[in-house]
**Student:** 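My questions will all concern the structure given below.
Below, chain A is the first sequence line, B the second, and so on; all start at residue 1. Below, each value reflects all heavy atoms present in this structure, side chains not excepted, and no hydrogens, waters or symmetry copies.
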Amino acid sequence: MTMPKDNPYLAHRHPTERAISSASTLNGASPSSREPLYGFVPRMVNADQVGQALEHDLNPFTKQPHTAQYKKILEARKKLPVFAQMTEFYKIFNKHQIIVMVGETGSGKTTQIPQFVAYSDLPHTKNKMVACTQPRRVAAMSVAKRVADEMDVPLGRQVGYSIRFEDMTEPGTTFLKYMTDGMLLREAMNDPDLNRYSTIILDEAHERTLATDILMGILKSLAQRRSDLKLIIMSATLDALKFQKYFAVSGGTPAPLFKVPGRTHPVEVFYTQEPEPDYVEAAIRTVLMIHRAEEPGDILLFLTGEEEIEDACRKIKLEADDLINSDPESVGPLICIPLYSSLPPQQQQRIFDPPPKAGSPDGPPGRKVVISTNIAETSLTIDGIVYVVDPGFSKQKVYNPRIRVESLLVSPISKASAQQRAGRAGRTRPGKCFRLYTEKDFMSELEEQTHPEILRSNLANTVLELVKAGIKDLVKFDYVDAPAPETLMRALELLNYLAALDDDGNLTALGSIMAEFPLDPQLSKMLIASPEFKCSNEILTITAMLSVPNVWMRPNNQRKEADIAKAQLTVPDGDHLTLLNVYNNYIQNQYDKNWTWNNYLSARALMQADNVREQLKRTMERFEVELISVQDQKKMFMAIRQSLCCGFFMQVAHKEGDKGNYMTVKDNQAVALHPSCGLDTQPEWVIFNEFVLTTRPYIRTVTDVRPEWLLEYASSYYDLDNWPDSEAKRALLRNKKKQAGKFEARFDQVETSKEGGGSAKKRKRKQG
DNA sequence: GAGCACTGC
């Protein structure tokens, strides 16, 4: 094995390595007056040494005396299961490059392991960092805050975090960094050797997010190039062996396992005798049964989506009120709290409200029921839950590479998911979990694990990031679970049509810039092309608006009012232009929350759009993508519609017949304009942002375009010779012929007419 | 004449 010359950890293999010494202390000084890290040799540190350093009066990283708060927190840390196994941890960590760690809920792994590593790596002495990734922003933030407190340092100095829109680190000072997995993946794209890190810890690896999966592949091969880099993969029990095998050393010996027990209470699991035909009805019945018959304690019910949840809330409330009225002596009051991601944060906070008080001083106590999507399975923990009701379903993303469509399907959950749900009942005391399916179905029908995201996603973005990170052969890339070859093919094909990759699959100059934008490739292509049409300011806004959740609110009881408000802001030429108009009005109204409220718009989504817009703007400036606008509105609208064609030429539909039926070009999928579409006519050609499969196939966020733009700005895709026959193809061929005729006619006339004259006429015709 | 599971850059 060859060692890189600048390997800072090679030193300890040589007698010249020096342990940290205390220049200021005299011989014979007592241990506590020495440097706290006196005698520490990087990666040969043991638990006794660390134990002493933790008890030292001085903070080894700030050289300041420890505060009283530090001592108090330290006592609590010592009670964590992971703390008791520090000796074992250092034995394994010092000896191996890659380790897999299993630590159940409550073990303290996320806060403690990175600190243990820091005491061994001593990254601050080598200008390195220890990184710990998290799948979610809030986790990265809150854990960093906790660890900064534990280490007695201000957040953002020695301990920091890095998430999109927020870098709370100080270069040169921060040596322990919590970050989102996506953020580390971005860094790997521009610095494939990740040289600033001495150890990288992937936390929650069992969740198998797309970014964590790709990072595992990248880090596995990086570990071979950088023998000084250590990796820790932290996961739940069920997946540990899979990761141990994946990270096996060259001889085939699995990576070593470091295991720490959790600290949770037992949960008793019950199954139904027979399968339940209607899981929502069964769930409501079970909640009421618990409320009537079980000891005090809050209930968590898992359902699949907003509508189901709101519906169940109403029904449970009604039934519970009936129960109380008929039997106030034995049934206490009950509140139902819905929980899903599109709820405003303020309403999400309600899950932490205490349960209602007893109706009378001697009456039965109240109970809280939280009805939640999967958000309560991983992202949010609610204390005080004693009963979990699990119907066994969730909405899951599925990707069909054949028609290039991602959609959401209600599907049975996995065993791992069911276990996670049950565990939510045992966080504060022993609990019960009611599964609304039979034990036999649990054993034989449920998959062991939820399919990793990489198998359920469109990979266009990921492929571009990987190519940018220098990974040449994506088919041979060492995936933990390899995606379907067709998924990769579809991604490569799209990137090639967008000119991000050349015909040999090499990154083009354009593709290299596209990869820098945190966007789908269609959007980044459109954005980069837009200065040519002199509307990059507007395309920037539209791109930001397309990158955030839906801005339109439509409350159940105010649909009519919401639709009227929306009509006021609608631009009939296309939904993309409407999005631009909404954003501009939002700015003109100075980000006014009342204005958004009165217009049935989501203030949260608009704020997010503004935030995204700023970030994208900075990237544009960095790569000198010019920011310009044409003043004339007619010209501007035309330019925007042309820019759209540069990115979304593969998402075009052609009207067939006069009944409003559309057919996507090339794929020939029958679709209809989504009812939310604001077009005042049914144009022959439209470009759409997304295809959604609900009650029928719809295209959503749609704008009127002209076929000649498609032929001109996406000539390689619209190479009609290779197309199967279709109405769209014949219409395109007719248009081509017409354009050629016009061109010749213009030649004959000598006098050329100005561009735009014809379009004004067309608009008049349309409106008249 | 609809509906956004959940993350992330």
Side-chain angles (χ1 to χ4, degrees), chain A residues 133-140 162-167 179-190 204 207-215 302-311 339-343 372-380 393-398 406-411 413 417 420 450 452-454 456-457 461-462 464-465 468 514-521 523-524 547-556 559-560 562-563 566 602 604-605 608 611-612 615-616 618-619 660 672-678 690 692-701:
Chain A
T133 68
Q134 297 292 321
R136 284 167 290 278
R137 295 160 51 94
V138 271
S162 175
I163 59 180
R164 188 183 186 183
F165 305 127
E166 212 183 333
D167 184 7
M179 63 203 303
T180 46
D181 50 6
M183 205 69 195
L184 185 62
L185 186 56
R186 287 257 128 194
E187 284 186 14
M189 202 176 75
N190 284 313
E204 316 288 359
E207 286 191 27
R208 303 296 304 275
T209 64
L210 186 48
T212 293
D213 258 35
I214 298 292
L215 280 170
F302 285 100
L303 290 176
T304 67
E306 174 177 343
E307 199 180 321
E308 220 172 70
I309 288 169
E310 294 290 356
D311 198 43
L339 177 64
Y340 43 87
S341 75
S342 56
L343 274 179
S372 171
T373 61
N374 254 4
I375 193 171
E377 198 179 298
T378 49
S379 307
L380 278 169
F393 292 95
S394 71
K395 275 192 194 170
Q396 287 167 32
K397 185 171 74 181
V398 285
E406 280 180 346
S407 45
L408 286 172
L409 275 182
V410 173
S411 323
I413 60 171
S417 225
Q420 178 77 18
T450 310
E453 200 184 358
I454 194 171
R456 298 183 283 122
S457 308
N461 224 336
T462 307
L464 185 60
E465 281 169 355
K468 173 106 183 187
M514 281 169 64
E516 295 286 339
F517 287 92
L519 293 170
D520 277 343
L523 289 167
S524 53
S547 309
V548 300
N550 189 7
V551 296
W552 309 104
M553 306 221 285
R554 206 162 178 260
N556 257 333
R559 289 185 184 179
K560 218 172 179 176
D563 290 348
K566 188 178 175 191
S602 157
R604 191 159 55 132
Q608 229 177 311
N611 214 349
V612 172
Q615 189 193 28
L616 296 176
R618 283 194 296 274
T619 309
L673 301 182
H674 194 271
S676 65
C677 173
E690 56 179 343
V692 284
L693 191 63
T694 49
T695 48
R696 57 184 287 198
Y698 284 112
I699 49 176
R700 195 157 55 186
T701 313

**Student:** With sequence neighbours left out, write down each residue that passes side chain to side chain contact (heavy atoms under 4.5 Å, CB included) with A/Asn611, or none if nothing qualifies.
**Tutor:** A/Phe165
**Student:** Side chain of A/Glu307, heavy atoms from C-beta onward: which of B/dC9, B/dG8, B/dG3 has the nearest atom to it?
**Tutor:** B/dG3
**Student:** Within the structure shown, what part of the strands sits under 4.0 Å from A/Thr695 by heavy-atom distance: base, sugar-phosphate, or nothing?
**Tutor:** sugar-phosphate
**Student:** Could you walk me through whether A/Ser457 and A/Lys397 pass the side-chain hydrogen bond (donor to acceptor under 3.5 Å, both in side chains) test, one step at a time?
**Tutor:** CA-CA 8 Å; A/Ser457 308; A/Lys397 185 171 74 181; 3.3 Å; yes
**Student:** Send over the distance from A/Arg700 CZ to B/dA2 P, rounded to a whole Å.
**Tutor:** 12 Å
**Student:** Using heavy atoms to find the nearest nucleotide of DNA chain B for A/Glu453 and A/Arg696 separately, return the residue whose nucleotide is more 5′.
**Tutor:** A/Arg696
**Student:** Name the nucleic acid region contacted by A/Gln396, choosing base, sugar-phosphate or nothing; use a 4.0 angstrom heavy-atom cut-off, strictly under.
**Tutor:** nothing
**Student:** Does OP1 or OP2 of B/dG8 have a side-chain N or O of A/Thr209 closer than 4.0 Å?
**Tutor:** no
**Student:** Taking CD from A/Gln420 and P from B/dA5, how many angstroms apart are they, rounded to a whole number?
**Tutor:** 21 Å
**Student:** If you pin A/Lys397 and A/Ser547 to their nearest nucleotides in DNA chain B, which one's is more 5'?
**Tutor:** A/Lys397
**Student:** To the nearest Å, give me how far apart CD (A/Glu166) and P (B/dG8) are.
**Tutor:** 13 Å
**Student:** Taking salt bridge (charged side-chain N to carboxylate O under 4.0 Å, His left out) as the definition, give me every residue that meets it alongside A/Asp563, ordered by chain and number, with sequence neighbours left out.
**Tutor:** A/Arg554
**Student:** Once you apply a heavy-atom cut-off of 4.0 Å, does A/Asp563 come out as touching a base, just sugar-phosphate, or nothing?
**Tutor:** base
**Student:** When you check the phosphate oxygens OP1 and OP2 of B/dT7, does a side-chain N or O of A/Arg164 lie under 4.0 Å from one of them?
**Tutor:** no
**Student:** Measure from CZ on A/Arg136 to P on B/dC9 and round the result to the nearest Å.
**Tutor:** 12 Å
**Student:** Counting heavy atoms from C-beta on, name the nucleotide in B/dC6, B/dG8, B/dA5 closest to the side chain of A/Asn461.
**Tutor:** B/dG8
**Student:** Could you give the CD1-to-C1' distance, from A/Ile309 to B/dG3, as a whole number of Å?
**Tutor:** 13 Å
**Student:** Between A/Tyr340 and B/dC6, does any side-chain N or O lie under 4.0 Å from OP1 or OP2?
**Tutor:** no
**Student:** Among the nucleotides B/dA5, B/dG3, B/dC9, which one has an atom lying closest to any side-chain atom of A/Arg186?
**Tutor:** B/dC9
**Student:** Taking the basic N atoms (NZ, or NE/NH1/NH2) and the acidic carboxylate oxygens, is any pair closer than 4.0 Å for A/Glu308 and A/Lys395?
**Tutor:** no
**Student:** Report yes if some heavy atom in the side chain of A/Ile699 is under 4.5 Å from a heavy atom in the side chain of A/Leu673; otherwise report no.
**Tutor:** yes
**Student:** In this structure, how many angstroms lie between the P atom of B/dC6 and the CD1 atom of A/Ile454, rounded?
**Tutor:** 23 Å
**Student:** Base, sugar-phosphate or nothing for A/Leu210? Non-hydrogen atoms, less than 4.0 Å.
**Tutor:** nothing
**Student:** Is A/Pro135 touching bases, backbone alone, or none of the nucleic acid, heavy atoms closer than 4.0 Å?
**Tutor:** sugar-phosphate
**Student:** So which heavy atom on A/Arg186 is nearest to which on A/Ala515, and how close?
**Tutor:** NH1-O, 3.1 Å
**Student:** Tell me what A/Arg559 touches on the nucleic acid: a base, only sugar-phosphate, or nothing, going by heavy atoms under 4.0 Å.
**Tutor:** base
**Student:** Between B/dC6, B/dC9, B/dA5, which nucleotide gets closest to the side-chain atoms of A/Leu408?
**Tutor:** B/dA5
**Student:** Give a yes/no answer on whether the side chain of A/Ser341 brings an N or O atom under 4.0 Å of OP1 or OP2 in B/dA5.
**Tutor:** no
**Student:** Whole angstrom is fine here: how far is it from CG in A/Asp311 over to P in B/dG3?
**Tutor:** 16 Å
**Student:** Between atom OH in A/Tyr698 and atom C1' in B/dG3, what is the gap in whole Å?
**Tutor:** 11 Å
